[in-house]
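Below is one structure, written out as structure tokens; the observations come after it.
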Amino acid sequence: MPADLLGVEGVQLGLTATDKADAIDQCGRALLAVGAVSVEYLAAMHEREASVSTFIGEGVAIPHGTDAARAFVLRTSIVVLQFPEGVDWDGNQVTVCVGIAANGSEQVGILSALAQVLMDPAKAAELRSAADVDTVLTLLTFKENE
């Protein structure tokens, strides 16, 4: 995905969460902190999760808001939060949450780039166990002309 969607400030490693709701809250606060959303977006992330699970496999969930919550997106951005001890996600173990804030169809490109990493078992494992921010940035970003 383009490098302007994920910056150093959007990657948080070595976190803990008491449960799925706590992990979603942390993703929402991270999106808020990077200036991607207004505070109303955070509740919409829980609304989305209540209607359909954002677990996508390989230990990854992609919390994001409802379609109506796009009104609260200030700029398209993602955040990556790592929970090494894992979080129970309705019976699935999640170690990486990729919080997404997108206007319109921009999330398609984000999901495509993420899928490229997750379809490669070695890269997916590297993302789940990343020990530094640079590893996450290298795995998930590219320059526009690549």
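The figures that follow rest on heavy atoms only: side chains count, while hydrogens, waters and symmetry mates do not. The model shown is predicted, which means the values in this text are computed figures rather than measured ones.
Distance OG1/T138 to CG/D132: 8.0 Å, rounded to 0.5 Å. Taken to the nearest 0.5 Å, the SG atom of C27 stands 12.5 Å off from the CG atom of L32. Note that CG of D120 is 9.0 Å distant from CG of L139, once rounded to the nearest 0.5 Å. Separation of atoms NZ (K123) and OG1 (T135) is listed at 13.0 Å; rounding is to 0.5 Å. Rounded to the nearest 0.5 Å, atoms CD (E58) and CG (N92) are 11.5 Å apart. One distance of note links NE2 of H64 with CD1 of I62; it measures 5.5 Å at 0.5 Å rounding.
For the pair V11/L13, a side-chain contact is recorded, criterion being any heavy-atom separation below 4.5 Å from C-beta on. A 4.5 Å side-chain heavy-atom check between L81 and V96 finds every atom pair outside the cut-off. Contact annotation: the side chain of V79 never approaches that of L6 to less than 4.5 Å [non-hydrogen atoms, C-beta and beyond]. You'll find the side chain of K20 stays beyond 4.5 Å of the side chain of D88, heavy atoms only. Between I24 and W89, the closest side-chain pair of non-hydrogen atoms falls below 4.5 Å. Using a 4.5 Å heavy-atom cutoff, the side chains of M45 and T66 are not in contact. Side-chain contact check for L137 versus V80: every heavy-atom pair is 4.5 Å or farther apart.
No donor-acceptor pair under 3.5 Å is formed between the side chain of E85 and the backbone N or O of T95. Proximity of a side-chain donor or acceptor of Q82 to a complementary backbone N or O of A130 within less than 3.5 Å is detected. Checked by atom type and distance alone, the side chain of R75 pairs as donor or acceptor with a backbone atom of V34 at under 3.5 Å.
The cluster map of Ile, Leu, Val, Met, Phe, Trp and Tyr, joined by side-chain heavy atoms under 4.5 Å apart, puts V8 and V98 in the same cluster. Cluster annotation: L15 and V60 are assigned to distinct hydrophobic clusters (Ile/Leu/Val/Met/Phe/Trp/Tyr, side-chain heavy-atom contacts under 4.5 Å, transitive). V87 and I56 fall into different hydrophobic clusters, where Ile, Leu, Val, Met, Phe, Trp and Tyr side chains are chained together by heavy-atom contacts under 4.5 Å. By the rule that hydrophobic residues join a cluster once side-chain heavy atoms approach within less than 4.5 Å of another member, I100 and L74 end up as members of separate clusters. L114 and L31 are not part of a single hydrophobic cluster, where members link through side-chain heavy atoms under 4.5 Å apart.
Closest approach of C97 to V94, counting heavy atoms only: SG-CG1, 3.9 Å. The two atoms that bring A102 and R70 nearest to each other are O-CG, 3.6 Å, heavy atoms only. Across all non-hydrogen atoms, the minimal contact from A69 to Y41 is O-CD1, 3.5 Å. When all heavy atoms of Q93 and F55 are compared, the closest pair comes out as O-CE1, 4.1 Å. Residues H46 and A21 approach most closely at CE1-O, 3.4 Å, considering heavy atoms.
Q26 and D22 are linked by a side-chain donor-acceptor pair at a separation below 3.5 angstrom, with hydrogens and angles left out of the test. Checked by atom type, the side-chain pair T54/E49 shows a donor-acceptor distance below 3.5 Å.
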